[in-house]
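Start at 1 and go down the list; that is how both ligands and their atoms are numbered.
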Amino acid sequence: MNAPTIAEDFRRRLNAAAQATEAALDALLATAPLPGEIARPARLLEAMRYASLGGGKRLRPFLVVESARLFGVSGASPLRTACALEMIHCYSLVHDDLPAMDDDDLRRGRPTAHKAFDEATAILAGDGLLTFAFDVVADPATHKDAGVRAALVLALARAAGLGGMVGGQALDLAAESAGAPLSQDAILTLQAMKTGALLRFAVDAGAIIGGADAVQADALSRYGAALGAAFQIADDILDAEGDTAALGKRAGKDAERGKATLVGLLGLDAARTRRDALVEEAVAALRETGFGAATDVLAEAARFVAARRN
Ligand code: GRG
């Protein structure tokens, strides 16, 4: 049998990370309370499970697992960190879909959480996922070294919060009602925060867990930032091209809502050119890690992000 191509290897590893994440999330979101918890209310737990199980590409978990693998680390540390990151991603999707934000009915090809449950339950499910993510990372089961756990908690908080994803979402909402279009620099900052910060955390986490040196950590971080920027431009292009069925969420929203995107500012062709340059930038950063062909699967992930259809 021929050796698998890099694209096949990527697909196989993305599937493996997705399956491992699904199983680990399923176990973490079990009915039995953990020590220190009093009870797990059934409807809230059901909504948290609905929002986090059975869907999604699991790209962020894949990036945590594969970046840790560069350092020869696998098992509970990357997988639990991957689950925590995915919980934060899922919470952001639940809250983003709420009537007060993007007001969407469809996510991952299913009714959004506030449609499947109710608004209050969806807000609480998001809150529950966000909080539980930090519980999972801080738990000694994630890493025996408390310093590593603290570094992960800090990096995750910085990526997810005020100066990261939540801040980016605030800028995004503000741009919708701003009188004038945002500059290119302002759009890049907004996108680096809203979408890029969590994707970059994924590879930063691999570096933290793997005990990367400063050069490796910096190169991986630049890879993550470029991949994140390419991801967001690809997302904007998909929205503009508008295939709701393939996307599993409503397309064509950005223009309708006056969202600040590079597609809106520069047009589709220039956005595609920039997306492709970012993929090259991501691949070039990987070369600087010194891991050689071991980074091929991460390079393929950057290409996948740009070429994806959902
Ligand atoms: C509400 C605090 C708060 C933040 C929301 C991430 C975000 C900020 C909103 C999501 C809205 C959105 C469509 C952003 C564009 C990029 C993005 C995160 C797309 C969805 O990520 P995928 O494609 O989704 O990785 P799956 O379903 O595959 O996990």
Trainee: Does any N or O atom in H89 lie less than 3.5 angstrom from one in ligand 1, N or O only?
Mentor: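 Yes - when backbone and side-chain N and O of H89 are compared with those of ligand 1, one distance drops under 3.5 Å.
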
Trainee: Which atoms of ligand 1 are found less than 4.0 Å from any heavy atom of S92?
Mentor: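 Atoms satisfying the 4.0 Å criterion: 1 (C), 4 (C), 5 (C), 6 (C), 7 (C).
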
Trainee: Considering only NZ, NE, NH1 and NH2 on the basic side and carboxylate oxygens on the acidic side, decide whether K259 and D102 come within less than 4.0 Å.
Mentor: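 Answer for the salt bridge query: yes.
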
Trainee: So, D118 and R43, do they make that salt bridge, N to O below 4.0 Å?
Mentor: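 So D118 pairs with R43 through a salt bridge.
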
Trainee: In plain terms, say whether E241 and R309 are close enough for a salt bridge, that is, a side-chain N and a carboxylate O under 4.0 Å apart.
Mentor: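 Answer for the salt bridge query: yes.
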
Trainee: What do you reckon, does R58 put a non-hydrogen atom under 4.0 Å from ligand 1?
Mentor: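 No heavy atom of R58 comes that close to ligand 1.
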
Trainee: Are any of the N/O atoms in E86 less than 3.5 Å from those in ligand 1?
Mentor: no

Trainee: Any idea which atoms of ligand 1 are less than 4.0 Å away from a heavy-atom of G56?
Mentor: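 Listed by number with element: 26 (P), 27 (O), 28 (O), 29 (O).
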
Trainee: Hey, is D139 close enough to R149 for a salt bridge, meaning N to O under 4.0 Å?
Mentor: no

Trainee: Between the side chains of R222 and D218, is the shortest nitrogen-to-carboxylate-oxygen separation below 4.0 Å, so that they form an ion pair?
Mentor: yes

Trainee: Considering the heavy atoms of R308, write down every atom of ligand 1 situated less than 4.0 Å from one of them.
Mentor: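 Once the distances to R308 are compared, the set is 23 (O).
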
Trainee: May I ask you to say whether D9 pairs ionically with R13, meaning some side-chain N is under 4.0 Å from a carboxylate O?
Mentor: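 The answer is yes: the pair qualifies as a salt bridge.
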
Trainee: Give yes or no for whether the N/O distance cutoff of 3.5 Å, strictly under, is met between H95 and ligand 1.
Mentor: no

Trainee: Run the salt-bridge test on K115 and D97 with the 4.0 Å N-O cut-off and return the result as yes or no.
Mentor: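 Here K115 does not pair with D97 in a salt bridge, since their nearest N and O are not under 4.0 Å apart.
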
Trainee: Which atoms of ligand 1 sit under 4.0 Å from any heavy atom of L93?
Mentor: 10 (C)

Trainee: Using 4.0 Å as the upper bound for N to carboxylate O, is an ion pair formed by R58 and E22?
Mentor: yes

Trainee: List ligand 1 atoms under 4.0 Å from K194, heavy atoms only on the residue side.
Mentor: 6 (C), 8 (C), 14 (C)

Trainee: Does ligand 1 come near enough to R108 that some N or O of the ligand is less than 3.5 Å from an N or O of the residue?
Mentor: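 Yes, at least one N or O pair falls under 3.5 Å.
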
Trainee: Which ligand 1 atoms are under 4.0 Å away from a heavy-atom of Q232?
Mentor: 15 (C), 16 (C)

Trainee: Is there a heavy atom in D235 that sits closer than 4.0 Å to ligand 1?
Mentor: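 The answer is yes, since D235 has a heavy atom less than 4.0 Å from ligand 1.
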
